[in-house]
Q: 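Could you have a look at this structure, given as structure tokens, before my questions?
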Amino acid sequence: MKAGNLEAERRDSLLKIPNMPSEDAPVGVSEADNVVIRWWSPQVGPQNGSEIKLPEFADHQKRPHWEIGSELGILDLERAAKISGSMFPMFRGLGATLERALSYFALDAHSDAFEEIKPPTFVRTATMISTGHLPKFEEDAYRLERDDLYAIPTAEVPLTSLAKDEILREEDLPVRLTAYTSCFRREAGSAGRDTRGLLRLHEFDKVEILAYTTPSQAAAMHSELLSRAENLLQGLGLTYRVLDLCTADLGNSSKRTFDLECYSPGTGLWLEVSSVSWFGDYQARRANIRFRSAETGQIEFIHTLNGSALAWARIWAVLVETYRQSDGSVIIPEVLRRYMRDIDRIPSKQASSA
RNA sequence: GGAGAGGUGCCAGAGUGGUCGAAUGGGUCUCACUGCUAAUGAGUUGACCUGGGAAACCGGGUCCGAGGGUUCAAAUCCCUCCCUCUCCGCCA
């Protein structure tokens, strides 16, 4: 074997080594060992601990979103499948407006401290490597072979590489970035399991919040990102819980991750709608992002953190179930109405045609 | 990605080579009956293309997920693809 091949192989192997979990992350052997650290519902507000008392949901809320969607003409999965295949969604009418409103709502909510970015959707191999999405998860990414570009699985990918190979000034940290993008995931091997409706998709929209920090700023930033995501859920009035991911369930690149899961009354499932992670310097090393210490003049790697705030397809699903009325119409949460021409509800078919 | 089950009219659901554009039930519409509603009884009811007709209507063709094939003959058999459902695995 040639030395060059060996070198490439060695590099490939090294790139596949995952990050070291934080000492604070709970130790576990499967996702069952994730720890519910708190939860929230509009009825009782914030609650610590893992003993969740679900709110009472009425029968008219216990209808799965895919049925509500076709009933109201706001979700057309059948035609989406015709156009692009299964697991690609298509929103219509007020359903599309609602989906858009969610992004506007989130971007505005973060505009106090985050720079809004509209990054490219297709990225180079090196960009995918920086965040840890390659080489290990090659199978899960959509790739344009002819141009050697990948469709981004999350805005984390372009946003992390925004400062690739740069040396930042400590006084400019933390840097806060937010972006609204479509996300593309092949979901290789996921056919047939929990894939109904909008539960798992090849394409969905998401607003991401991301930060570059010094190592000492990281912990506070992790809390900030988490509480921003939580604030959105509270504003939308959705019941959710916060999971501290155990070492077995932690992503490849992450040192510590909190997942936010919304309760879907129509399916009885908790749906992951946000993942807020601290990567330490794992991604910064791969992307070569450093900062010069103001005090010592030393150059160090930054830390990266990010979180979804939030992933819309699943939020959309939980919203239409949660806010469905007995007459079949769906109330629009107060905070979204200004982004929806002040429309306060999606009318039931009977009402609109009467 | 693996294994299995399916895709038939507005809906549900039979049909596994000719008698099937297609049983049956529900719904629809019409009529009858009935203070109203409901219930009941009788009847009615697929889509698209096309010829004739002012129209009511009368005729021809195509369509049982899509596309090919076998056959004198296909909803029924074979092949490819798509979609749906269940279970397992996967989920950065």
Side-chain angles (χ1 to χ4, degrees), chain A residues 12 15-21 25 29-32 34 64 66-67 69-71 73 75-90 123 125 127-143 150-161 181 183-204 206 208 210 243 245-261 267 269-280 282-283 286-287 304-308 311 313-314 349-350 353:
Chain A
D12 203 59
L15 283 170
K16 284 179 179 168
I17 296 172
N19 202 350
M20 285 285 287
V29 294
S30 81
E31 65 175 18
N34 293 336
W66 55 86
E67 286 179 16
S70 54
E71 186 178 276
L75 179 67
D76 194 344
L77 295 174
E78 240 169 77
R79 289 198 178 81
K82 176 176 71 179
I83 297 167
S84 301
S86 61
M87 291 167 73
F88 284 94
M90 179 159 66
V123 298
T125 304
T127 309
M128 289 285 279
I129 288 174
S130 291
T131 41
H133 290 89
L134 286 180
K136 212 172 175 182
F137 301 100
E138 169 92 48
E139 284 305 297
D140 293 301
Y142 282 102
R143 181 170 173 217
Y150 289 86
I152 57 170
T154 159
E156 165 190 343
V157 171
L159 291 188
T160 298
S161 285
T181 67
C183 303
F184 303 89
R185 306 183 179 190
R186 289 189 64 238
E187 298 292 350
S190 67
R193 184 159 174 88
D194 294 336
T195 56
R196 295 203 65 176
L198 301 174
L199 297 181
R200 288 179 87 173
L201 297 168
H202 287 313
E203 175 180 352
F204 62 92
K206 180 161 73 58
E208 186 80 0
L210 181 143
L243 269 58
L245 295 197
C246 76
T247 48
D249 210 24
L250 219 45
N252 180 66
S253 308
S254 178
K255 293 186 84 64
R256 194 162 190 211
T257 296
F258 297 102
D259 272 7
L260 298 179
E261 296 185 337
T267 64
L269 299 169
W270 289 93
L271 305 182
E272 180 188 332
V273 297
S274 176
S275 206
V276 184
S277 300
W278 167 45
F279 302 95
Y282 184 85
Q283 295 179 327
R286 296 166 79 104
T304 55
L305 304 101
N306 69 52
S308 353
R314 288 174 180 169
K349 275 294 178 206
Q350 300 91 304
S353 60

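So you know, we letter chains A, B, ... as the sequences are listed, proteins then strands, and number each from 1.
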Q: Give the rounded distance in Å between these two atoms: CD of A:Glu78 and C1' of B:C83.
A: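 After rounding, the gap between these two atoms is 9 Å.
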Q: Would you say A:Arg196 places a side-chain N or O within less than 4.0 Å of OP1 or OP2 belonging to B:C85?
A: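 It does, given that an N or O in the side chain of A:Arg196 lies less than 4.0 Å from OP1 or OP2 of B:C85.
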Q: May I ask you to say what A:Gly132 touches in the nucleic acid, namely base, sugar-phosphate or nothing, with a heavy-atom cut-off under 4.0 Å?
A: nothing
Q: Do A:Thr131 and A:Thr154 have side chains that approach each other closer than 4.5 Å (heavy atoms only, starting at C-beta)?
A: no
Q: Does B:U76 have a Watson-Crick or wobble mate here (both distances under 3.5 Å), and if so which one?
A: none
Q: Relative to the 5' end of RNA chain B, which residue comes earlier, A:Glu156 or A:Gly197, by the nucleotide with the nearest heavy atom?
A: A:Gly197
Q: How many whole angstroms separate atom CG of A:Leu198 from atom P of B:C91?
A: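 In whole Å, B:C91 P lies 22 Å from A:Leu198 CG.
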Q: In terms of the nearest nucleotide of RNA chain B, which residue is placed more toward the 5' end: A:Ser84 or A:Leu250?
A: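 Counting from the 5' end, the first nearest nucleotide belongs to A:Ser84.
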Q: Should A:Lys206 and A:Glu208 count as an ion pair when the cut-off is N to O under 4.0 Å?
A: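 Result for this pair is yes, salt bridge flagged.
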Q: Between B:A32 and B:G7, how far is it from one C1' atom to the other, in whole Å?
A: 41 Å
Q: Counting only Watson-Crick or G-U wobble pairs whose two distances fall under 3.5 Å, which nucleotide matches B:U16?
A: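 No nucleotide pairs with B:U16.
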Q: Quick one: A:Lys82 NZ to B:G67 P, roughly how many Å, whole number?
A: 14 Å
Q: Under the side-chain contact (heavy atoms from CB on, under 4.5 Å) rule, collect the residues that match up with A:Ser84, sequence neighbours excluded.
A: A:Phe88
Q: Identify whether any heavy atom of A:Arg185 sits under 4.0 Å from a base atom; if not, whether one sits that close to sugar-phosphate; answer base, sugar-phosphate or nothing.
A: base
Q: Does the structure show a Watson-Crick or G-U wobble partner for B:C87, both distances under 3.5 Å? Name it, or say none.
A: B:G2
Q: Would you call A:Leu75 and A:Leu198 a side-chain contact if the rule is heavy atoms closer than 4.5 Å?
A: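 A:Leu75 vs A:Leu198: side chains touch.
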Q: In the strands shown, is B:U34 matched to any nucleotide by a Watson-Crick or G-U wobble pair with both distances under 3.5 Å, and which?
A: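 Partner of B:U34: none found under 3.5 Å.
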Q: Using whole Å, report how far CG of A:Leu271 lies from C1' of B:C91.
A: 14 Å
Q: Tell me: CG of A:Asn306 to P of B:A92, nearest whole Å?
A: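 Those two atoms, CG and P, are 13 Å apart.
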Q: Between B:A66 and B:A74, how many Å separate the two P atoms, rounded to a whole number?
A: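 16 Å, rounded to whole Å.
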Q: Hunt down the Watson-Crick or G-U wobble partner of B:G43, both distances under 3.5 Å, from any strand shown, or write none.
A: B:C29
Q: Treating A:Asn19 as the side-chain partner and A:Ser253 as the backbone partner, does any N or O pair qualify as donor plus acceptor under 3.5 Å?
A: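 Present.
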Q: Can you check the A:Lys136 NZ to B:A92 P distance for me, whole Å?
A: 11 Å
Q: Just the table, please: protein N/O against nucleotides 10-13 of chain B N/O, every pair under 3.5 Å.
A:
none

Q: Does the side chain of A:Phe204 reach to within under 4.5 Å of the side chain of A:Thr181, using non-hydrogen atoms?
A: no
Q: Expressed as a whole number of Å, how far does the P atom of B:G4 sit from that of B:C78?
A: 15 Å
Q: Any donor-acceptor pair under 3.5 Å linking the side-chain atoms of A:His202 with those of A:Tyr142?
A: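 There is such a pair (donor and acceptor under 3.5 Å, judged by atom type) between the side chains of A:Tyr142 and A:His202.
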Q: For B:C31 versus B:G25, give the span between their P atoms, rounded off to a whole number of Å.
A: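 To the nearest whole Å, 23 Å.
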Q: My understanding is that a pair needs two contacts under 3.5 Å, Watson-Crick or G-U wobble. By that rule, which nucleotide pairs with B:C64?
A: none
Q: Using atom C1' in both nucleotides, what's the gap between B:C87 and B:C81 to the nearest angstrom?
A: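 After rounding to an integer number of Å, I get 24 Å for this pair.
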Q: Within the 3.5 Å criterion, strictly below it, is a donor on A:Ser275 or A:Asp259 matched to an acceptor on the partner's side chain?
A: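 Per modelled atom types, A:Ser275 and A:Asp259 side chains form a pair under 3.5 Å.
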Q: To the nearest Å, give me how far apart CH2 (A:Trp66) and C1' (B:C85) are.
A: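 Result: 11 Å.
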Q: Quick one: side-chain contact (heavy atoms from CB on, under 4.5 Å) partners of A:Ser130, sequence neighbours excluded?
A: A:Ser161, A:Lys164, A:Ala287
Q: Across all strands shown, which nucleotide pairs with B:A22 by Watson-Crick or G-U wobble geometry, both distances under 3.5 Å?
A: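 Here B:A22 is not engaged in any pair, so there is no nucleotide opposite it.
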Q: In whole Å, measure the gap between the P atoms of B:C10 and B:C48 for me.
A: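 Those two atoms are separated by 10 Å.
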Q: In whole angstrom, give me the gap between the C1' atoms of B:G13 and B:A92.
A: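 These two C1' atoms come out 45 Å apart once rounded.
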Q: Could you give the CD1-to-P distance, from A:Ile152 to B:A92, as a whole number of Å?
A: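 Nearest whole value for this atom pair: 17 Å.
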Q: Taking only the side-chain heavy atoms of A:Ala81 (C-beta and beyond), determine which of B:A92, B:C83, B:U86 contains the nearest atom.
A: B:C83
Q: Which value, in whole Å, describes the distance between the P atoms of nucleotides B:G65 and B:U76?
A: 8 Å
Q: Does A:Glu138, at its CD atom, have more than 12 non-hydrogen atoms belonging to other residues, nucleotides or ligands within less than 6.0 Å?
A: yes
Q: Using Watson-Crick or G-U wobble geometry with both distances under 3.5 Å, which nucleotide pairs with B:G9?
A: none
Q: Does OP1 or OP2 of B:C83 have a side-chain N or O of A:Ser86 closer than 4.0 Å?
A: yes
